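Scope of the values below: all heavy atoms of this structure, side chains included, with no hydrogens, waters or symmetry mates. We count residues from 1, following the sequence as given. Source: prediction; values computed, not measured.
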Amino acid sequence: ELPITASDNVIKEPLDATKTDSEVAPDFLGNGHAAMKESDYEQAAKYYWQSARENANDPEVWFSLSRAFYYAKELKKAEMMALEAARRNPRNPAYIVQFLKIVSDSGDSEKYLQQLKSARKLFPDEPYIIIKLASSYETVEGDVRAARILFDEFLKKHAGHAMQNEAEQALRRLSP
């Protein structure tokens, strides 16, 4: 019997079990998220574009790309990417809300109101859509009655929501 040395106890992996750095697929989406956390929106967008090249049908990639452009203040690009996300998954209200926030920031209140009305048909219970539509009815159309109805609906459907205080203040302001 041969004596066992310390080096004999080392378990060796098969040669093909380890991959070199060039064989490991980069996590572009994860790298983009990490760049977003560091507020490096330009780098995040680059990573998200790489992710989009790998998986163009993933709405989350387009949503992430939209957010990167949004925070970089590139609203037109952000809007296009938000629409791409919504096109790929029209049932996810987060993608529509992202689009609406961008339209709101673009400063066209009439367009924003029209988009809110369309979004309300798709997502009648989405809190952001209800409260922003109420605000738009008040400020753009001067329709205080419609605004009150929607603010009241928001409070009944979404008690405890982060925007509850905004709705309560609006109702107090608009009540006769």
Side-chain angles (χ1 to χ4, degrees), residues 29 32-33 35-37 39-42 44-49 51-52 55-176:
L29 192 58
H33 294 337
M36 287 291 286
K37 285 182 183 174
S39 301
D40 188 349
Y41 309 124
E42 185 179 334
K46 288 177 183 177
Y47 282 128
Y48 292 143
W49 273 121
S51 188
N55 191 358
N57 291 323
D58 184 355
E60 193 64 26
V61 171
W62 297 100
F63 175 71
S64 298
L65 197 50
S66 175
R67 291 181 63 242
F69 284 132
Y70 178 76
Y71 288 116
K73 307 287 187 228
E74 296 185 53
L75 296 183
K76 281 293 178 199
K77 289 180 183 178
E79 182 177 332
M80 288 187 297
M81 300 305 115
L83 287 172
E84 285 298 319
R87 187 171 67 80
R88 284 167 172 78
N89 185 356
R91 292 189 183 101
N92 188 332
Y95 302 152
I96 299 299
V97 168
Q98 171 71 11
F99 169 73
L100 291 169
K101 287 178 181 178
I102 296 162
V103 172
S104 172
D105 285 3
S106 72
D108 186 341
S109 57
E110 285 292 330
K111 177 181 176 183
Y112 183 52
L113 176 59
Q114 293 312 312
Q115 294 297 334
L116 283 166
K117 288 177 180 179
S118 296
R120 170 79 171 174
K121 291 174 188 169
L122 296 171
F123 302 105
D125 295 325
E126 177 60 35
Y128 176 90
I129 294 170
I130 296 170
I131 198 164
K132 296 304 179 182
L133 183 58
S135 295
S136 289
Y137 272 128
E138 176 190 0
T139 60
V140 177
E141 292 195 345
D143 190 341
V144 173
R145 182 179 171 277
R148 274 198 314 258
I149 290 169
L150 286 170
F151 282 126
D152 188 54
E153 177 185 338
F154 174 88
L155 291 171
K156 287 178 181 167
K157 287 183 175 179
H158 303 289
H161 191 278
M163 292 186 282
Q164 178 176 336
N165 190 39
E166 180 182 336
E168 289 171 343
Q169 287 178 356
L171 273 177
R172 282 193 294 274
R173 184 180 68 250
L174 297 174
S175 293

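- The main-chain N or O of Gly32 is found under 3.5 Å from a side-chain atom of Tyr48 such that the two form a donor-acceptor pair.
- Contact between Ser136 and Leu113 at its shortest, heavy atoms only, is CB-CD1, 3.6 Å.
- Taking 4.5 Å as the limit, some side-chain heavy atom of Phe151 sits within range of a side-chain heavy atom of Glu138.
- Put simply, the side chain of Ser106 gets close to the backbone of Val103: a donor and an acceptor are under 3.5 Å apart.
- Both the sub-6.0 Å distance and the 45° axial angle are satisfied by Lys101 relative to the ring of Tyr128.
- Atoms CG and CZ, from Leu150 and Arg145 in turn, are 10.5 Å apart once rounded to the nearest 0.5 Å.
- The two residues Ala68 and Ala44 make their nearest non-hydrogen contact at CB-CB, 4.3 Å.
- Contact annotation: the side chain of Lys73 never approaches that of Tyr41 to less than 4.5 Å [non-hydrogen atoms, C-beta and beyond].
- The neighbour count for Arg172 CZ, taken as heavy atoms of other residues, nucleotides or ligands under 6.0 Å away, is above 12.
- Judged by distance alone, the side chain of Ser104 and the main-chain N or O of Leu100 form no donor-acceptor pair under 3.5 Å.
- Electrostatic pairing of Asp152 and Arg148 does not count as a salt bridge here, judged by no charged N lying under 4.0 Å from a carboxylate O.
- You'll find the side chain of Tyr70 stays beyond 4.5 Å of the side chain of Met81, heavy atoms only.
- Of all non-hydrogen atoms in Pro124 and Ile130, the two that sit nearest each other are O-CD1, 3.6 Å.
- Rounded to the nearest 0.5 Å, atoms NZ (Lys117) and OH (Tyr137) are 4.5 Å apart.
- Taking CZ of Arg88 as the reference point, atom CG of Asn55 lies at 9.5 Å (rounded to 0.5 Å).
- When atom types are taken as modelled, the side chain of Trp62 and the backbone of Met80 share no donor-acceptor pair closer than 3.5 angstrom.
- Taking 4.5 Å as the limit, every side-chain heavy atom of Ser109 sits out of range of all side-chain heavy atoms of Thr139.
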For Arg67 and Glu60: C-alpha separation, side-chain torsions, deciding distance, then whether salt bridge (charged side-chain N to carboxylate O under 4.0 Å, His left out) applies. CA-CA 10 Å; Arg67 291 181 63 242; Glu60 193 64 26; over 6 Å; no
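- The aromatic rings of Tyr95 and Phe63 sit tilted relative to each other, their planes meeting at an angle between 30° and 60°.
- To the nearest 0.5 Å, atom CG of residue Asn89 and atom CD1 of residue Ile96 are 9.5 Å apart.
- At least one donor-acceptor pair under 3.5 Å links the side chain of Ser135 to the backbone N or O of Ile131.
- Other residues, nucleotides and ligands contribute at most 12 non-hydrogen atoms within 6.0 Å of the CD atom of Glu42.
- Between Pro93 and Glu126 the shortest heavy-atom distance is CB-OE1, 3.4 Å.
- Side chain of Glu153 to main chain of Ile149: no donor-acceptor pair is present (N/O by atom type, distance under 3.5 Å, no hydrogens or angles).
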Between Glu84 and Arg87, is the side-chain contact (heavy atoms from CB on, under 4.5 Å) condition met? List the steps. CA-CA 5 Å; Glu84 285 298 319; Arg87 187 171 67 80; 2.9 Å; yes
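- In this structure, CG in Leu133 is found 8.5 Å from CD in Glu141, a value given to the nearest 0.5 Å.
- Rounded to the nearest 0.5 angstrom, Gln115 CD and Glu79 CD are separated by 8.0 Å.
- Closest non-hydrogen pair, Ile102 versus Ala82, comes out as CD1-CB, 4.0 Å.
- Ring geometry for His158 against His161 counts as perpendicular: the plane angle is over 60°, on a 0 to 90° scale with 30° as the lower cut.
- The closest side-chain heavy-atom distance from Leu29 to Ser64 is below 4.5 Å.
- Taking each heavy atom of Ala45 and Leu65 in turn, the nearest pair found is O-CD1, 3.6 Å.
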